[in-house]
Amino acid sequence: MTQKMFSTKPRLAIVIPCYNESEVLAVTITTLLNLLKQLHAICSQDSYVVFVDDGSHDDTWEQIQQASRAHSQVLGIRLVQNVGTQAAILAGLEYVTDRCDLALTTDADLQDDLNTVQQMVEQAKEGKEIVLGVRECRKIDSFFKRVTANLFYDVMVMLGIPLTKNHSDFRLMTSSVLKRLRQFHESNLFLRGFINRLSRNVGVVTYVRQQRIAGETKWSTKRLILFAWTGITSFSVVPLRFILCMGIVVFLGSISLALFSLVCKLMGQTIPGWASITVPLYTLGGLLMISLGIVGEYVGKIYEEVKRRPRYFIDSTTTSEESRD
Ligand code: UDP
Ligand code: MG
């Protein structure tokens with residue numbers, strides 16, 4: 001059921017994770033300040049942008065500090081070290097949870113279409129608690145990325161993970177959703193995996209993703225594969241069950257082989273010994289190693305989760321309230 005959510009104009013917080021974004025930041029800051037101005041008709045005047053510096057090595061933090069001194073709507077959070085996009089977004093979201101009505105997350109490189117933000121806010125005002133930005137197509141991606149991304153989403157859906165295809169981290173959430181998000185404590189973060197579990201009222205806007213305005217992607221193929229693997233193993237035990245099924249199939253196969261050998265022996269035919277010994281030996285050895293590897297992945301995840309380590313540390317903020325916690 002949808003209902004009007006806000007009696008007054010909602011306060012919007014825009015959260016931007018930044019890692020070595022020196023080349024794009026000036027344009028990004030200007031664009032976001034303009035966006036806030038355009039949104040004044042539907043959002044409150046004290047809406048603001050929070051840049052989360054995820055342990056950058058260039059002058060990203062200096063630029064954020066400078067912008068924050070020049071514009072009251074710009075805030076900055078500096079993390080102690082690089083913790084990855086997901087934890088950086090989370091740091092920003094946890095910071096704004098009690099300081100906004102709506103929070104938008106998007107990247108520093110302006111690849112997401114900010115013209116859709118107004119539509120997102122309108123949907124939130126109509127009662128949507130989460131509004132997802134979904135890419136219409138993957139034209140700008142390389143062939144490899146397009147194929148692997150599609151495969152990844154298909155596997156996730158097959159494993160029963162409630163994921164919206166072609167949605168990454170461009171989304172609007174209400175503060176009540178942020179409070180629910182705060183209750184997830186896992187270290188292996190894959191935000192888009194829990195987003196659809198946080199509300200019944202999820203809206204969608206579609207957009208065409210642009211190329212980066214400058215700078216380079218921080219997501220190498222290796223990092224993307226690790227991220228996809230985190231997504232799968234953090235949300236599904238199907239790979240573990242798959243091991244069991246594989247074990248059953250191999251076991252049944254070996255019984256058939258044994259029966260076959262018995263029949264051959266009874267019929268007086270000799271079986272060449274070498275193949276029947278070495279092939280199963282290698283097959284089983286391989287399967288056992290794969291199985292152990294998958295189990296090991298889950299054990300590793302449990303190991304990381306039980307430590308319940310903090311996912312990030314804030315070094316300082318431009319508002320200086322929470323310096324060095
Ligand atoms: N990012 C981050 N920490 C990292 C890597 C990236 O905060 O360790 C930020 C980055 O500055 C950008 C966003 O996450 O704002 C998305 O990164 P990028 O544009 O490189 O990813 P892509 O769009 O190529 O998938
Ligand atoms: Mg990008």
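Note that the coordinates shown come from a computational prediction; the quantities given were computed from them, not determined experimentally. Read the numbers this way: they start at 1 and go in the same order the structure lists the ligands and their atoms.
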Nearest to [atom], what protein heavy atom do you find, and at what distance?
{"atom": "atom 24 (O) of ligand 1", "value": "Thr217 OG1, 2.5 Å"}
{"atom": "atom 3 (N) of ligand 1", "value": "Asp54 OD2, 2.6 Å"}
{"atom": "atom 8 (O) of ligand 1", "value": "Arg223 NH2, 2.7 Å"}
{"atom": "atom 23 (O) of ligand 1", "value": "Arg209 NH2, 2.7 Å"}
{"atom": "atom 5 (C) of ligand 1", "value": "Thr85 OG1, 3.4 Å"}
{"atom": "atom 19 (O) of ligand 1", "value": "Asp109 OD2, 2.6 Å"}

Worksheet item: Can you find an N/O atom of Pro17 closer than 3.5 Å to an N/O atom of ligand 1?
Response: yes
Discussion item. If you measure every N or O of Glu216 against every N or O of ligand 1, does any of those distances drop under 3.5 Å?
Written reply: no
Quick check on contacts: which atoms of ligand 1 are under 4.0 angstrom from a heavy atom of [X]?
{"X": "Glu21", "answer": "10 (C), 11 (O), 12 (C), 15 (O)"}
{"X": "Trp219", "answer": "6 (C), 17 (O), 18 (P), 20 (O), 21 (O), 25 (O)"}
{"X": "Cys18", "answer": "7 (O), 11 (O)"}
{"X": "Arg212", "answer": "18 (P), 19 (O), 20 (O)"}

Discussion item. Any donor-acceptor pair under 3.5 Å linking the side-chain atoms of Asp169 with those of Gln86?
Written reply: yes
Worksheet item: Quick one: do the Asp46 and Ser44 side chains pair a donor with an acceptor below 3.5 Å?
Response: yes
Discussion item. Checking Gln210 against Asp113 for the side-chain hydrogen bond (donor to acceptor under 3.5 Å, both in side chains) test, could you report, in this order, the C-alpha distance in whole Å, the side-chain angles of both residues, the deciding distance, and whether it holds?
Written reply: CA-CA 7 Å; Gln210 304 300 319; Asp113 184 1; 5.9 Å; no
Does only the side chain of [X] get under 4.0 Å from ligand 1, or the backbone, or both, or neither? Count heavy atoms.
{"X": "Asn82", "answer": "side chain"}
{"X": "Gln86", "answer": "neither"}
{"X": "Ala108", "answer": "both"}
{"X": "Lys218", "answer": "both"}

Fill in: Nearest option to atom 16 (C) of ligand 1, as decided by whichever heavy atom of Leu25, Asp141, Asp107 sits closest
Asp107
Worksheet entry | Distance under 6.0 Å and angle within 45° of ring axis: Lys9 vs Phe6 | no
Worksheet item: Do the ring planes of Phe152 and Phe190 sit parallel (below 30°), tilted (30 to 60°) or perpendicular (above 60°)?
Response: perpendicular
Fill in: Plane angle bin for Phe194 and Phe184 - parallel if under 30°, tilted between 30 and 60°, otherwise perpendicular
parallel
Fill in: contact_flag Gln211 ligand 1 heavy-atom lt 4.0 Å
no
Worksheet item: Nearest heavy-atom pair of Ala103 and Leu178: which atoms, and what distance?
Response: CB-CD1, 3.7 Å
Worksheet entry | Exercise: identify the closest heavy-atom pair between Val121 and Cys43 | CG1-SG, 3.8 Å
Practice prompt. Among Arg209, Arg135, Arg138, find the one that has a side-chain hydrogen bond (donor to acceptor under 3.5 Å, both in side chains) with Asn166.
Written response: Arg138
Same hydrophobic cluster for [X] and [Y], using side-chain heavy-atom links shorter than 4.5 Å among ILVMFWY?
{"X": "Ile161", "Y": "Val204", "result": "yes"}
{"X": "Leu25", "Y": "Val27", "result": "yes"}
{"X": "Leu102", "Y": "Leu36", "result": "yes"}

Worksheet item: If the Mg ion (ligand 2) is the vertex, what is the angle to OE1 of Gln111 and OD2 of Asp109, rounded to 10 degrees?
Response: 100°
